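Report on one structure; see the data block that follows.
Please read these numbers as outputs of a predicted model, since none were measured by experiment. Throughout, protein chains are lettered first and strands after them, A, B, ... in sequence-line order, and every chain is numbered starting at 1.
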Amino acid sequence: MTYTLTTPLYYVNDRPHLGSAYTTLACDALARFQRLRGEQVLFITGCDEHGQKIQRTAEAAGLSPQAHCDAVSAQYRELWERWQISNDRLIRTTDPRHRRIVEQFFARVEASGDIVEGRQQGWYCVACEEFKDDPHEAQDPECPTHRRPLEWRDELNLFFRLSRYQEQIEALINTPGFIQPASRRNEVENFVRQGLRDFSISRVNLPWGIPVPGHEGHTFYVWFDALLGYITALLEEGDAPDLDTALSRGWPASVHVIGKDILRFHAVYWPAMLLSAGLSLPAKVFGHGFLTREGQKMGKSLGNVLDPELLLERCGRDAVRWYLLRDIPFGDDGDFQQQRFSDLVNNDLANTIGNLLNRTSSMARRWFEESVPPAGPASADDHPLAQAAAAARQTVLTSLEVLNFRSAAEATLQLAIAANGFLNEQAPWSRMKQEGTREQVAADLYAVLEAARIVALLLAPLLPDLSSRMLQQLSHPDPRPGSWEADMHWGGLLSGSSLPEPSPVMARLELDSPL
RNA sequence: GGCUCGGUAGCUCAGCUGGUUAGAGCGUGGGAUUCAUAACCCCAAGGUCGGGAGUUCAAGUCUCCCCCGAGCCA
């Protein structure tokens, strides 16, 4: 069974922002975790490139839509490379193969009688790419989210008969665990209970889209096309653009990770479309929260957007990943606070974790021939640090399974804190001044080094870079997919292996100016 | 307007089915120590748990009303 997970396919209307980076980072941690556990992972991200909004943005910039999409999607690609995101795919909905997949999918939906012609009349927000339900009787209604004027539309469209799936969708969203976090389920439930209405899946007079086969003049509505990108993305390099082939590569998805704003599309429309085409449904949809900055919404008008590229350059991958994953409950909204950001990075990563390794390694080298001391009694499973390590490991495993990055980070940190405490209690530096304590000191240092090794391994999904640097200092190989959990058993550190000269694995963050 | 979710130490939050002196991290103050990245370790201050009423032997924890914030739908 392939573990398929997806980020949203980001709309290329604008350059990448921190929100997309946040989602992608979280997915990366999850993907790494699943790979380490030995799962066969297919990590999908990509770009959604059709629709009127794109067309207009391109026009405004004096570019062809395709040129515009090429440019923006290249920015995404570069950004993910820079962040070292481990995605297996980066699908673009302008990929020619995608068109074939959409056509085949549509044919199935049409064959099940779920496509009807209808008249779509109403106020449309181009920014949302969505019809708004009767916005009062105002003569100049505007979109509540974009605060831009709505456009009146009256056109003949193709509709998807969503209403036929009322009961199935109700059952689906009541399935425990399908919508995560559970707190968001109410919202969707509420929406569905009011009765599902058919929604239009085509537009007329919109050239920048995939033509609907057999319906001259119609192109697919962006969402219909975009969601299917998850399936096109399954195709491997040389595969023919065939729906069944794609599906065989890893459908259904184990989880769609999305922002809470597009939950409805993923938890209602998308499953209904899949049901109609006779395909199986994703196991889970996880809608995470939004980030604010110092208590304020980020936005161009406020001029307070945090550029993910700049953030990466100034602070580094580990710092940003740690802060976002460790401090913000995944699922809830979070606030990016610079002071807290540097406090946490410095305290947790540099002081608690980094320094733990540094001080221990330094002692071991000094007193035990620059190598890992003999474990002696410290190899026993009932050693206090062995027990702390086992507990941390357990928590990390169960937390990451349910995308609770925060709890995983905390548990890892706890182990490092326990090891620092143990070191202070045992005070090997004073013992070394007495006679006949060498064996005890060796055991204590071994235990702490071993705890540090396990901290490093536990960190591998969340902070692969830091993890790797720590393991290097311990002369220990990076974890391998599938053997990670076994690697974390107490006593895996080899006594006698040489320890390189320690240097800080994590530099303190000194942010003198605002980001 | 309807519905949902929040309002707990300066800050970010834990507190499951109601039950001893309400917890953690950060920040702040003090102490101890020297192996280490001015770091680690220990201790302390600090909260009428948004307001009010009620149920109960007992309520952050249940009920009702009100105030504030966020969101979904109208």
Side-chain angles (χ1 to χ4, degrees), chain A residues 130 132-137 141 144-145 179 181-197 259-264 267-268 287 289-292 294-297 322-324 326-368 373 404 406-407 409-414 416-433 441 444-445 448-449 452 466 469-470 473 499 501-510:
Chain A
E130 214 178 7
K132 299 289 168 183
D133 294 325
D134 81 278
H136 314 287
E137 304 85 37
T145 47
I179 296 178
S183 55
R184 296 214 190 288
R185 196 175 66 196
N186 288 331
E187 230 168 77
V188 181
E189 220 168 42
N190 224 308
F191 170 76
V192 174
R193 200 178 318 130
Q194 292 170 9
L196 294 174
R197 285 181 289 175
K260 61 181 181 177
D261 56 329
I262 52 176
L263 186 54
R264 199 199 301 168
V268 179
F290 287 152
L291 297 176
T292 52
E294 312 292 346
Q296 287 196 305
K297 224 173 206 171
W322 181 253
Y323 177 61
L324 293 177
R326 125 103 222 232
D327 201 40
I328 296 166
F330 199 60
D332 294 358
D333 289 343
D335 191 36
F336 189 101
Q337 296 174 0
Q338 182 162 331
Q339 185 63 51
R340 188 166 171 79
F341 170 46
S342 63
D343 280 348
L344 284 186
V345 168
N346 292 343
N347 282 319
D348 300 347
L349 262 28
N351 299 349
T352 302
I353 293 178
N355 184 50
L356 170 70
L357 177 58
N358 200 264
R359 66 196 294 214
T360 317
S361 173
S362 157
M363 286 185 273
R365 277 172 53 88
R366 184 168 311 163
W367 302 320
F368 296 91
N404 191 342
R406 184 193 217 199
S407 154
E410 226 152 64
T412 306
L413 197 57
Q414 280 313 314
I417 288 171
N420 271 318
F422 178 80
L423 211 44
N424 278 51
E425 275 167 32
Q426 302 306 316
W429 50 89
S430 353
R431 280 223 172 97
M432 277 309 281
K433 293 171 187 159
V441 169
D444 291 343
L445 291 181
V448 177
L449 284 170
L466 177 58
R469 270 179 272 130
M470 289 179 73
Q473 298 241 332
L499 291 169
E501 187 164 355
S503 78
V505 286
M506 186 72 200
R508 294 172 60 86
L509 211 51
E510 309 289 352

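On the C1' atoms, B/U61 is 16 Å away from B/G50, given to the nearest whole Å. Nucleotides B/U48 and B/A59 have their C1' atoms positioned 14 Å apart, rounded to a whole Å. Using atom P as the reference point in both B/G15 and B/U8, the two lie 14 Å apart (nearest Å). Spacing between B/C64 and B/C5 at atom P, rounded to whole Å, works out to 12 Å. Across B/C62 and B/A58, the matching C1' atoms stand 12 Å from one another, rounded to whole Å. Rounded to whole Å, the C1' atom of B/G1 lies 42 Å from the corresponding atom of B/G46. Taking atom P on both nucleotides, B/U28 is separated from B/A14 by 24 Å, rounded to a whole Å. Comparing the same atom, P, in B/G60 and in B/U21 gives a spacing of 11 Å after rounding to whole Å.
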Find every protein N or O atom lying less than 3.5 Å from an N or O atom of nucleotides 69-71 of chain B, and list the pairs.
from, atom 1, to, atom 2, distance (Å)
B/G71, O2', A/Glu187, OE2, 3.3

Using a cutoff of under 3.5 Å, can you pull out all pairs of nitrogen or oxygen atoms linking the protein to nucleotides 29-33 of chain B, with atom names and distances?
none

Please list, pair by pair, any protein nitrogen or oxygen found under 3.5 Å from a nitrogen or oxygen in nucleotides 22-26 of chain B.
from, atom 1, to, atom 2, distance (Å)
B/G25, N2, A/Arg340, NH1, 3.4
B/C26, O3', A/Asn347, ND2, 3.0

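Residue contacts shown for A/Met432 are absent, as no nucleic acid heavy atom lies under 4.0 Å away. When heavy atoms are screened at a 4.0 angstrom cut-off, A/Arg184 is found touching no nucleic acid atom at all. The residue A/Glu410 sits apart from the nucleic acid: no heavy atom pair falls under 4.0 Å. Nucleic acid contact for A/Pro504: base, since at least one base atom lies under 4.0 Å from a heavy atom of the residue. Base contact: A/Val505 has a heavy atom under 4.0 Å from a base atom. Within the nucleic acid shown, A/Arg406 comes within 4.0 Å of sugar-phosphate atoms alone, with no base atom in reach, counting heavy atoms only.
Between B/C72 and A/Asn190, no contact under 4.0 Å exists linking OP1 or OP2 to a side-chain N or O.
Nearer the 5' end of RNA chain B, as judged by each residue's closest nucleotide, is the contact made by A/Arg366, out of A/Arg366 and A/Asn351. The nearest heavy atom of RNA chain B to A/Asp327 and to A/Val188 marks one nucleotide each, and the one closer to the 5' end goes with A/Asp327.
When the side-chain hydrogen bond (donor to acceptor under 3.5 Å, both in side chains) test is applied to A/Glu187, no partner is found at least two apart in sequence or on another chain. Legend: residues meeting salt bridge (Lys or Arg N to Asp or Glu O under 4.0 Å) with A/Arg469, ordered by chain and number and at least two apart, are A/Asp318. Shown here are the salt bridge (Lys or Arg N to Asp or Glu O under 4.0 Å) partners of A/Glu510, two or more places apart in sequence or in another chain: A/Arg508. For A/Arg365, the salt bridge (Lys or Arg N to Asp or Glu O under 4.0 Å) partners at least two apart in sequence or on another chain are A/Glu370. For A/Arg359, the salt bridge (Lys or Arg N to Asp or Glu O under 4.0 Å) criterion is met by no residue, not counting sequence neighbours.
For A/Thr352 (side chain) and A/Asn347 (main-chain N/O), a donor-acceptor pair under 3.5 Å exists by modelled atom type. Side-chain atoms of A/Ser342 come within 3.5 Å of backbone N or O of A/Gln339 as a donor-acceptor pair. For the pair A/Thr292 (side chain) and A/Phe336 (backbone), a donor-acceptor distance under 3.5 Å is absent. In this structure a side-chain-to-backbone donor-acceptor pair under 3.5 Å is missing from A/Arg184 to A/Leu263.
Among the duplex regions that RNA chain B forms, those built from at least three successive Watson-Crick or G-U pairs under 3.5 Å are B:1-7 with B:67-73, B:10-13 with B:23-26, B:28-31 with B:41-44, B:50-54 with B:62-66, ordered by first number.
Base orientation of B/G71: anti (glycosidic angle beyond 90° from 0). Taking the syn range as angles within 90° of 0, the glycosidic angle of B/G46 is syn.
Across all their heavy atoms, A/Pro502 and A/Ser361 have their closest contact at CB-OG, 4.0 Å. Contact detail for A/Ala452 and A/Leu357: the closest heavy-atom pair is CB-CD1, 4.2 Å.
Judged as a salt bridge (Lys or Arg N to Asp or Glu O under 4.0 Å), the pairs with a partner in residues 421-432 of chain A (not counting sequence neighbours) are, in order, A/Arg431-A/Asp444. Sorted by first and then second residue, the salt bridge (Lys or Arg N to Asp or Glu O under 4.0 Å) pairs involving residues 331-341 of chain A (not counting sequence neighbours) are A/Lys260-A/Asp333, A/Asp327-A/Arg340.
For the segment residues 353-361 of chain A, residues with any heavy atom less than 4.0 angstrom from an atom of RNA chain B are, sorted by number, A/Gly354, A/Asn355, A/Asn358, A/Arg359.
Using a 30° and 60° split on the angle between ring planes, A/Tyr323 and A/Phe341 fall in the tilted class, from 30° to 60°.
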